[in-house]
Structure formats: C-alpha cells, structure tokens
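Written out below as structure tokens is the structure these notes cover.
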Amino acid sequence: MADPKGFMTTPRQDWPRRPVEERVRDWDEVYVPGALLPIITEQADRCMDCGVPFCHEACPLGNLIPEWNDLVSREGWRQAADRLHATNNFPEFTGRLCPAPCEAGCVLAINQPAVTIKNVEVAVADRAWELGFTPPRPPDRLSGRTVAVIGSGPTGLAAAQQLTRAGHTVAVYEKDDRLGGLMRYGIPEFKMEKRHLERRIEQMRAEGTKFRTSTAVGRDVGAAELRTRYDAVVIATGATAWRELDVPGRELAGVQQAMEYLPWANRVCEGERTVSPMSAAGKHVVIVGGGDTGADCLGTAVREGAASVTQLDIYAQPGHERDEDAEPWPTYPKIYRLSAAHEEARDLVTAPAADADARLFAASTLRFTGDEHGHVRSLHLVEVDAARRPVAGTERTLPADLVLLALGFSGPDRGDGLVEQLGLEMEPRGTVARDAGFGTNVPGVFAAGDAARGQSLIVWAIAEGRAVAAAVDRYLTGSSQLPAPIGPYDRPMTA
C-alpha cells in the first residue's frame with residue numbers, strides 16, 4: 001500500500017471517453033488515447049490493500065489485484081505485468097470488455113466509489129506490450145500428447161495457450177474464417193479494436209499453437225474422427241444458440257437476430273465490405289433486449305447512421321444506488337449504468353420517447369406489423385409490472401424498419417452435428433453436461449466455457465479455459481502444475 005490515505009485524498013477518476021460527436025464518426029475505441037497513463041498511478045494508490053480483499057473473490061480468475069495496484073502506484077510495470085499475467089492470459093481483453101465484478105466487490109465500494117481496477121488492469125496490459133514484457137513463452141520440451149480445442153473464443157484460446165505452454169501439441173478449430181469467436185464478430189470495434197486480438201494470436205502461434213479456421217467440427221471434419229486423431233478434445237464452442245421471440249410478425253423481413261447483424265459491421269471494419277447488407281443507415285431501429293449485446297447493437301446502429309434507435313428492456317429501470325437488502329455488498333448489483341453506447345444515444349437523442357438514453361424500461365413486445373411487401377414497419381409493445389404482466393392501457397407503437405433481437409443465448413448451436421456425432425449428454429437447459437473434472441460422458445472429451453456453463457462473462461470464460469486446461473493436463477499426464485481458478489459448478493457471488 002503505497003499511500004495509506006490515497007482512498008481519502010484522491011477521488012475516483014475513470015479513463016475519459018472521446019467526445020460523442022467525434023467518436024460516432026469512426027469505429028475506433030471510445031477512450032481518449034494516452035489519457036489513462038497520466039492518472040493511473042494515483043488511481044492505483046486508492047487501493048487499501050485490504051486484509052481480506054473481496055475483489056479476489058468477486059473475480060473468478062482470482063486476479064492479484066492489491067498486488068498489482070501497489071506495483072502500479074510505484075510504477076513497477078514489469079512486476080505488475082508478471083502478477084497480472086499470473087492469473088489472466090488476456091488482461092487487455094478483460095480490461096476492455098469485462099463489467100468488472102471486482103469493482104463491485106472492492107471494500108472501498110461499501111461507502112465510496114470503488115478503485116478503478118479495470119482501468120489499472122488495462123493500463124498494465126497495454127504497458128506490458130509497449131515495453132516488451134509479453135514475449136512468446138514456448139515450452140522447453142514437448143510432451144508428445146495432442147489436444148484439439150474446438151472454438152477460438154476466450155475459453156478456447158485460454159485453454160490452448162495453457163496447454164501449449166505445458167508442452168502439449170494443440171490445434172484450435174474455428175468454424176469462422178477468422179479467429180476470436182464473439183470477440184471477433186460479436187464485439188464491435190469501438191469496444192475493442194481487433195489489433196489486440198491479433199497480437200495475442202500471433203503470440204500463441206509463436207508459442208506453437210496451431211490454428212485451423214473455416215473448419216466446422218461435425219460438418220467439415222467429423223467429430224468422432226477428430227476424437228480418434230487427438231489424445232484429448234476440448235469443446236469450447238460457446239453458447240451461440242440464440243433465444244427467439246415468439247410473437248406475431250416474427251417472420252417479417254427486417255426482424256433479425258443481433259448476431260446476424262453485428263458480424264457484418266465487424267466485417268466492414270475488417271475491410272471485407274464497404275457497407276453492411278444489414279446496415280441501419282436511415283432506418284428506424286428497435287433493439288429488443290436490455291443487455292450488453294443490445295448495447296453493442298445500439299452503438300453500431302448509431303455509427304451506421306440510423307434515423308432513430310430505441311432499446312427495449314423488460315426490466316424496470318434500476319436505481320443509481322445498490323439495494324442493500326436485495327443485492328448487498330460484495331455482490332454485483334443491478335444499478336443504472338451508462339455504457340458508451342447509451343451515452344451516445346442520450347446525447348444524440350436517438351430515441352425521443354425513451355425513459356433514459358435510448359432505453360424503454362419495463363417494455364414487452366406484443367407483435368410486429370409490416371407493409372404489403374412483407375417488411376417490418378412497426379413494433380407494438382406494452383408496459384409490464386414486476387411480474388412481467390401487461391399493464392392495461394399502456395400499449396404503444398414504435399416505427400421499426402429494422403428490429404434486432406438481443407435476448408441472449410441458451411447453449412451451443414446443434415446445427416453442425418458435433419453433439420450428436422460424439423454422443424454427448426446434454427443438460428435440460430441446452431448446455432453440455434460435464435462432471436467435476438470438466439469431463440463429458442465421452443472419455444477424453446472435455447467441455448468448458450459458455451457451451452457448458454451457459455452464457456456468462458469474459459472473465460468466467462477465461463477462468464474456464466484455464467481450469468479445463470489443468471483438467472486435460474492431469475488426464476494426459478497424471479498430474480498438473482497448471483492453475484485451476486474455478487470448478488465447473490462455481491457460480492458468481494449472490495445474496
């Protein structure tokens with residue numbers, strides 16, 4: 001603890017965002033370049049180095065937060081990078097994309113603004129790359145064992161990197177033409193520029209990990225065949241089976257799933273196309289779903305030049321303060337948060353009828369209606385109470401040329417045939433069943449990440465990747481020195 005009074009003398013200061021009018025004209029990250037480093041040492045000084053650091057418990061990776069806060073406050077960047085990478089393969093991803101449950105668990109957050117843990121993390125990660133503290137770490141010798149990892153999202157990449165560094169020969173199979181899973185085609189460029197992803201993939205290649213893109217296991221290569229070719233298989237395909245909205249008019253053209261819409265915008269940023277075939281330009285857009293995916297659609301539609309954008313959230317508008325009875329510290333509270341996309345929508349007034357920023361809260365979709373050509377033109381909604389029951393007399397209509405369904409995901413997509421070809425047992429909720437050692441009912445086949453846990457946060461995905469790597473290493477060699485930060489049945493802290 002560099003400054004025992006830092007939390008009393010230094011106010012919280014977040015990484016400033018670029019002006020809204022400037023950033024919505026491009027796809028660059030929303031933060032002011034270079035503005036974090038001048039403020040971060042004092043922000044790290046606010047950490048109290050608690051005797052019982054609940055931020056550790058709130059983070060499934062078990063990040064050594066007080067340790068690297070102290071090192072950053074003294075500008076010990078190399079040591080801070082070492083401590084950060086000891087528990088997290090990809091801190092530049094989590095520092096940009098994680099909603100920071102660690103900050104909700106910060107002891108300072110009991111009665112003051114929490115330490116800017118997420119900002120410190122990304123500062124250390126970026127500084128480590130700038131100063132050359134993240135060289136490839138190939139193994140000293142190979143084990144002679146082979147592992148196939150199916151899926152190149154954060155779980156698959158973390159598992160592959162851990163197993164490669166342990167000496168196993170690892171091949172990652174990805175059905176898309178580029179690596180990264182939802183980080184590539186789901187997360188917009190303005191939240192994380194893909195150069196960060198490319199840099200890690202090149203590091204992994206240099207360490208010896210092999211990648212097979214445009215290869216859907218179950219379709220392009222048989223799943224059972226893959227099992228016979230490798231000593232172990234890790235299923236890390238994610239939860240890509242999207243939830244549907246069963247209301248009249250769902251069949252109308254222009255009613256799309258969010259993950260049909262977002263990849264096109266990312267492909268435009270990759271230079272594959274000049275304009276997305278689903279562009280929101282000039283359209284009235286309604287997003288059904290109040291989560292992060294909906295916010296990603298919101299920021300994307302604003303940048304594409306939508307005529308209006310409204311986001312529907314079935315839950316009531318949360319308050320600005322934690323409900324200590326329902327969600328006591330150190331759990332992650334449901335409070336009103338203003339993402340960069342919502343800030344943009346608020347300032348640009350993209351949804352004049354919204355309750356706040358672009359959002360209509362406690363709103364449930366009744367039906368869609370279209371024109372004579374079968375294209376959606378309006379969305380009919382109704383207000384609901386806390387039990388999601390319609391409130392009489394509150395029905396209203398919004399213009400809608402493009403409707404994006406962002407209702408979450410239920411489990412892995414079954415379309416490729418992987419589950420059936422391997423004969424995997426499934427949970428009733430649609431995820432892959434596994435035992436306490438991450439193993440499926442098929443010997444040598446393991447499941448991790450959203451495919452088995454269900455839709456979750458990127459920190460849980462990376463933690464799952466690290467933990468399943470330890471399980472696979474133990475299966476192949478009889479023991480393992482790899483860390484296993486979580487078990488398959490661990491869950492976030494709740495009241």
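This structure is a prediction, so every number in the text was calculated from the model and none was measured.
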Ignoring hydrogens and angles, tell me if any N or O in the side chain of Trp329 forms a donor-acceptor pair with the backbone of Cys106 under 3.5 Å. yes
My understanding is that only one of Cys55, Pro66, Cys102, Cys47 makes a side chain to side chain contact (heavy atoms under 4.5 Å, CB included) with Val115; could you say which? Cys47
State, yes or no, whether a side-chain contact exists between Glu121 and Leu84 at a heavy-atom distance under 4.5 Å. yes
So does Glu103 pair up with Lys118, basic N to acidic O under 4.0 Å? no
Do Val147 and Leu476 come close enough that some side-chain heavy atom pair is under 4.5 Å? yes
Using side-chain hydrogen bond (donor to acceptor under 3.5 Å, both in side chains), reason through Gln79 and Glu67 one step at a time and then give a plain yes or no. CA-CA 9 Å; Gln79 297 92 335; Glu67 295 184 32; over 6 Å; no
With no hydrogens and no angle check, just 3.5 Å: does a side-chain donor-acceptor pair link Gln162 and His168? no
Salt bridge (charged side-chain N to carboxylate O under 4.0 Å, His left out) between Glu92 and Arg127, worked out: CA-CA 10 Å; Glu92 66 273 33; Arg127 194 73 171 142; over 6 Å; no
Going by the rule side-chain hydrogen bond (donor to acceptor under 3.5 Å, both in side chains), which residues pair with Arg267 if we only count those two or more places apart in sequence or in a different chain? Asp177, Tyr185, Glu272
Sequence neighbours left out, what pairs pass ring-ring contact (aromatic ring centres under 6.0 Å, His included) with at least one residue falling in residues 470-495? Phe446-Tyr475
Checking side-chain polar atoms at under 3.5 Å, does Asn88 have a donor or acceptor matched by the opposite partner on Thr94? yes
Check the surroundings of atom OH in Tyr336: do more than 12 heavy atoms from other residues, nucleotides or ligands lie under 6.0 Å from it? yes
Are there over 12 heavy-atom neighbours, none belonging to Asp292, within less than 6.0 Å of that residue's CG? no
Heavy-atom count check: over 12 atoms from other residues, nucleotides or ligands less than 6.0 Å from Glu57 CD? no
Does a side-chain N-to-carboxylate-O contact under 4.0 Å join Arg96 and Asp126? yes
Donor-acceptor under 3.5 Å (Glu207 side chain, Arg137 main chain): yes
Drop me the distance from Phe90's CZ to Met204's CE, to the nearest 0.5 angstrom. 5.0 Å
Under a 3.5 Å distance rule, please check whether Asn441 uses its side chain to pair with a backbone N or O of Gly423 as donor and acceptor. yes
Would Gln203 and Thr134 count as a side chain to side chain contact (heavy atoms under 4.5 Å, CB included) if you check the C-alpha gap in whole Å, the side-chain angles of each, and the deciding distance to 0.1 Å? CA-CA 8 Å; Gln203 179 196 52; Thr134 53; 4.1 Å; yes
Donor-acceptor contact below 3.5 Å, side chain Gln421 vs main chain Ala223: yes
Got a donor-acceptor contact below 3.5 angstrom from the Glu174 side chain to the Ser152 backbone? yes
Do the side chains of Met493 and Pro330 get nearer than 4.5 Å, heavy atoms only? yes
What's the separation between atom SG in Cys269 and atom CZ in Arg184, rounded to the nearest 0.5 Å? 11.5 Å
Can you name the nearest heavy-atom pair linking Ala452 to Ala447, along with the distance? CB-CB, 4.0 Å
Are the side chains of Asp450 and Phe409 in contact, using a 4.5 Å heavy-atom criterion? no
Using a 3.5 Å cut-off and no angle test, enumerate the donor-acceptor pairs between side-chain atoms of residues 460-469 and protein atoms at least two apart in sequence or in another chain.
unit_1: Glu464; atom_1: OE1; unit_2: Arg434; atom_2: NH1; d: 2.7
unit_1: Glu464; atom_1: OE1; unit_2: Arg434; atom_2: NH2; d: 3.3
unit_1: Glu464; atom_1: OE1; unit_2: Gly449; atom_2: N; d: 2.8
unit_1: Glu464; atom_1: OE2; unit_2: Arg434; atom_2: NH2; d: 2.8
unit_1: Glu464; atom_1: OE2; unit_2: Arg453; atom_2: NE; d: 2.7
unit_1: Glu464; atom_1: OE2; unit_2: Arg453; atom_2: NH2; d: 2.9
unit_1: Arg466; atom_1: NE; unit_2: Thr87; atom_2: O; d: 3.2
unit_1: Arg466; atom_1: NH1; unit_2: Asn89; atom_2: OD1; d: 2.7
unit_1: Arg466; atom_1: NH2; unit_2: Ala86; atom_2: O; d: 2.9

Are the side chains of Leu226 and Ile150 in touch, meaning some heavy atoms are under 4.5 Å apart? yes
Could you tell me whether a side-chain N or O of Thr365 sits under 3.5 Å from a main-chain N or O of Arg367, the two making a donor and an acceptor? no
Compute both the distance and the angle, then confirm whether Arg83 meets the cation-pi test with Phe133: under 6.0 Å from the six-membered ring centre, within 45 degrees of the axis. no
Got more than 12 heavy atoms from elsewhere within 6.0 Å of NZ, Lys194? yes
As a quick check of understanding, evaluate side chain to side chain contact (heavy atoms under 4.5 Å, CB included) for Leu424 and Ile235, giving each step before the final call. CA-CA 11 Å; Leu424 295 174; Ile235 298 170; 3.3 Å; yes
Aromatic rings Trp15 and Tyr31: how do their planes relate, parallel, tilted or perpendicular, breaks at 30° and 60°? parallel
Would you find more than 12 non-hydrogen atoms of other residues, nucleotides or ligands less than 6.0 Å from Asp140 atom CG? no
Donor-acceptor under 3.5 Å (Thr146 side chain, Asp231 main chain): yes
Could you check if a side-chain atom of Glu244 sits within less than 4.5 angstrom of a side-chain atom of Leu407, using non-hydrogen atoms only? no
Atom CD of Glu251 with >12 non-hydrogen neighbours under 6.0 angstrom: yes
Charged N to carboxylate O below 4.0 Å: is that the case for Arg195 and Glu29? no
Here the gap from Arg303 atom CZ to Trp27 atom CH2, rounded to the nearest 0.5 Å, amounts to 6.5 Å
Smallest heavy-atom separation, Ala232 atom then Arg227 atom, equals N-NH1, 4.2 Å
Would you confirm whether Glu189, through its side chain, and Asn266, through its main-chain N or O, come within 3.5 Å as a donor-acceptor pair? no
Val419 and Met426: side chain to side chain contact (heavy atoms under 4.5 Å, CB included), yes or no, with the steps? CA-CA 9 Å; Val419 169; Met426 303 294 288; 3.7 Å; yes
Between Lys191 and Asp296, does any NZ, NE, NH1 or NH2 come within less than 4.0 Å of an OD or OE carboxylate oxygen? yes
Flag side-chain contact, heavy atom, 4.5 Å: Leu404 against Thr293: no
Salt bridge check, Glu270 against Arg178: does any charged N sit closer than 4.0 Å to a carboxylate O? yes
Residue pair Arg205, Glu202: steps toward the salt bridge (charged side-chain N to carboxylate O under 4.0 Å, His left out) verdict: CA-CA 5 Å; Arg205 281 198 174 100; Glu202 288 308 309; 2.8 Å; yes
Looking at Lys175 and Thr213, would you say the former's side chain and the latter's main chain have a donor-acceptor pair under 3.5 Å? no
Step-by-step side chain to side chain contact (heavy atoms under 4.5 Å, CB included) determination, Val384 to Ile314: CA-CA 7 Å; Val384 294; Ile314 200 167; 4.1 Å; yes
With a 4.0 Å cut-off on N to O distance, would you call Arg429 and Glu427 a salt bridge? no
Less than 4.0 angstrom from a charged side-chain N to a carboxylate O is my criterion; do Asp416 and Arg219 meet it? yes
Looking at side-chain heavy atoms only, is the closest gap between Gln256 and Leu402 below 4.5 Å? yes
Is the side chain of Gln257 donor-acceptor paired with the backbone N or O of Arg243 at a distance under 3.5 Å, no angle test? yes
